[in-house]
Amino acid sequence: MSGDASEAGLTVLKETLDGERSGEPLPPASSELSIQLAAVATEMGMTPDRLQALLQEVWDDVRDDPDLVRALAKSKLEGRGRYRGYVPATWTDVLECPHCGPVWIWPPAGQLGEPVIGCPWCHVRHRQGAVPAAAKVTGENSACWL
């Protein structure tokens, strides 16, 4: 990314934080940290206020660490997606769960072998979320759509 493009992006983020673009107040943190948090929010496709609301239970503990905020927001969004039946793009292995059946899972977890106690989809199933019946094992841990 060129220096001009980077500076333009920072200007947009500063305007957003100052309320010139969205009317949102500046979060209670340093200017540089606010810019970093706004960048995380933009990366996640949301406003800084929505990011804060997403992590409201832990916000006061994590807001000073943009990398931790990013990781927690990503985890929470993926969890919500899994509840709706969306498989994270990096989950390409298949695991045979005794409760859910064959499910998508991150590599190399599909190599765990038998028996497993449960899977990341079990809590989704318990909350009556959508567990995708997406895979079945055929041969050497290959997957095909049902």
Give the minimum heavy-atom separation between P102 and V94, together with the two atoms involved.
CB-CG1, 4.1 Å
Closest heavy-atom contact between L33 and P66?
CD1-CG, 3.6 Å
Test item: L37 and P48 side chains (from C-beta on) under 4.5 Å apart, heavy atoms:
no
Taking every heavy atom of Y83 against every heavy atom of R127, the minimum-distance pair comes out as OH-O, 3.0 Å
Walk me through it: do R80 and L54 pass the test side chain to side chain contact (heavy atoms under 4.5 Å, CB included)?
CA-CA 11 Å; R80 287 181 176 180; L54 179 69; 3.4 Å; yes
Just wondering, do M44 and R50 contact through their side chains at under 4.5 Å, heavy atoms?
no
Quick one: does S75's side chain have a donor or acceptor within less than 3.5 Å of a partner on A71's backbone?
no
Mind listing the closest non-hydrogen atom pair of A73 and L55 along with its distance?
N-CD2, 4.0 Å
Distance-minimising heavy-atom pair for P120 and W91:
CB-CH2, 3.8 Å
Quick one: are R63 and L51 in side-chain contact, heavy atoms under 4.5 Å?
no
Do you reckon W104 sits in the same ILVMFWY cluster as Y86, going by side-chain contacts under 4.5 Å, direct or chained?
no
Any side-chain heavy-atom pair from M46 and V40 closer than 4.5 angstrom?
no
For the pair E57 and K76, find out whether any cationic side-chain nitrogen is under 4.0 Å from an anionic carboxylate oxygen.
yes
Check: W106 side chain, P88 main-chain N or O, donor-acceptor pair, under 3.5 Å
no
Can you give me the closest heavy-atom contact between G118 and L95, atom names plus distance?
O-CD2, 4.4 Å
Residue pair T92 / I105, side-chain heavy-atom distance below 4.5 Å:
no
